[in-house]
Amino acid sequence: MKTISSFQKLVYEATKKIPRGRVSTYFQIAKYIGNEKACRAVGNALNKNPFAPKVPCHRVVSSSGSLSGYAFGKEKKITLLKKEGVMVINNKVEDFKNKLFKIKE
DNA sequence: ATAAGGGCACCGC
DNA sequence: CGCGGTGCCCTTA
C-alpha cells in the first residue's frame with residue numbers, strides 16, 4: 001500500500017488520460033493538478049509510479065519535448081513512443097508541440 | 001520536525 | 001542551441 005495523496009492521484013489520472021500516439025509534459029500535468037510549479041513533484045510521483053503499467057509515464061516528456069527520464073530506462077521509453085506512432089529523434093519527440101496533449105481541457 | 005533527493009521549468013550567458 | 005544556476009513542490013528516510 002502506497003497511501004498516495006490527492007496530488008499523486010491526480011498525476012496518475014492526468015497521465016492515464018493521455019491517449020496513445022500523444023505526449024504530454026510534467027508541466028501540463030502540474031497545471032492539471034493546480035500547481036504548475038509542482039512539475040518536479042509530478043516527476044517524483046511518476047517515478048514511484050505504483051500504477052506503472054496503468055500509468056503511461058513514457059508518454060510524459062519535458063517541456064522541450066526531451067524525454068528527460070524514465071523509471072524503466074529512457075531507451076525503453078523511446079521504443080514505446082515510436083511503437084505508438086510518436087517519432088523520437090535524439091532523445092526528443094518529433095512534432096512534439098503537434099502531438100502535445102493538453103489535459104486541462 | 002529536519003534534511004536530502006527527484007524523471008522539471010525558467011532565466012541568463 | 002547548450003550549459004549552469006536558481007526556485008518551487010512532493011515524498012521518503
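Please read these numbers as outputs of a predicted model, since none were measured by experiment.
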Problem - Salt-bridge contact A/R22-A/E84 (side-chain N to carboxylate O under 4.0 Å) - result: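 Salt bridge absent between A/R22 and A/E84.
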
Handout entry: Check: A/V11 main-chain N/O paired with A/T15 side-chain donor or acceptor under 3.5 Å
Key =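 Yes, because the side chain of A/T15 sits within donor-acceptor range (under 3.5 Å) of the backbone of A/V11.
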
Rounded distance in Å - [atom1] ([X]) to [atom2] ([N]):
X     : N      : atom1 : atom2 : result
A/N91 : B/dG7  : CG    : C1'   : 13 Å
A/N44 : B/dA4  : CG    : P     : 17 Å
A/N35 : C/dG7  : CG    : P     : 19 Å
A/Q8  : C/dT11 : CD    : P     : 5 Å
A/N49 : B/dG6  : CG    : P     : 17 Å
A/Y12 : B/dG7  : OH    : P     : 14 Å
A/L67 : B/dG6  : CG    : P     : 19 Å
A/E36 : B/dC10 : CD    : P     : 9 Å

Base, sugar-phosphate, or nothing: which does [X] touch, judged by heavy atoms less than 4.0 Å apart?
X     : value
A/A41 : base
A/K74 : nothing
A/S5  : sugar-phosphate

Problem - Short side-chain N/O contact from A/S63 to OP1 or OP2 of B/dC10, under 4.0 Å - result: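 Result: yes.
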
Problem - Heavy-atom neighbours of A/K16 NZ exceed 12 at 6.0 Å - result: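 More than 12 within 6.0 Å, yes.
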
Problem - A/E13 atom CD, over 12 foreign heavy atoms within 6.0 Å - result: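 Result for CD/A/E13: enclosed.
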
Exercise for the section: Tell me the stems DNA chain C sits in, counting at least three consecutive Watson-Crick or G-U wobble pairs, each under 3.5 Å on both distances. Expected result: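 Stems (3+ consecutive pairs) listed as B:2-6 with C:9-13, B:8-13 with C:2-7.
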
Problem - DNA chain C: 5'-proximal contact among A/A38 and A/K92 (nearest heavy atom) - result: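 Final value for this comparison: A/K92.
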
Problem - Pair of N/O donor and acceptor under 3.5 Å linking B/dG7 base with A/Y26 side chain - result: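 Such a pair exists between side chain and base.
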
Practice task
Please confirm whether any donor atom in the side chain of A/R40 sits under 3.5 Å from an acceptor in the base of B/dG7, or the reverse.
Solution key: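 Between B/dG7 and A/R40, which were checked side chain against base, a qualifying N/O pair under 3.5 Å is absent.
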
Handout entry: A/L80 and A/Y70, any side-chain heavy atoms less than 4.5 Å apart
Key =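 When only atoms from C-beta onward are counted, A/L80 and A/Y70 do touch, with a gap below 4.5 Å.
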
Handout entry: Any donor-acceptor N or O pair under 3.5 Å, side chains A/Y32, A/Q28
Key =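 No, no side-chain donor-acceptor contact under 3.5 Å.
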
Problem - side-chain contact (heavy atoms from CB on, under 4.5 Å) between A/D95 and A/M87, intermediate numbers included - result: CA-CA 8 Å; A/D95 280 334; A/M87 193 59 92; over 6 Å; no

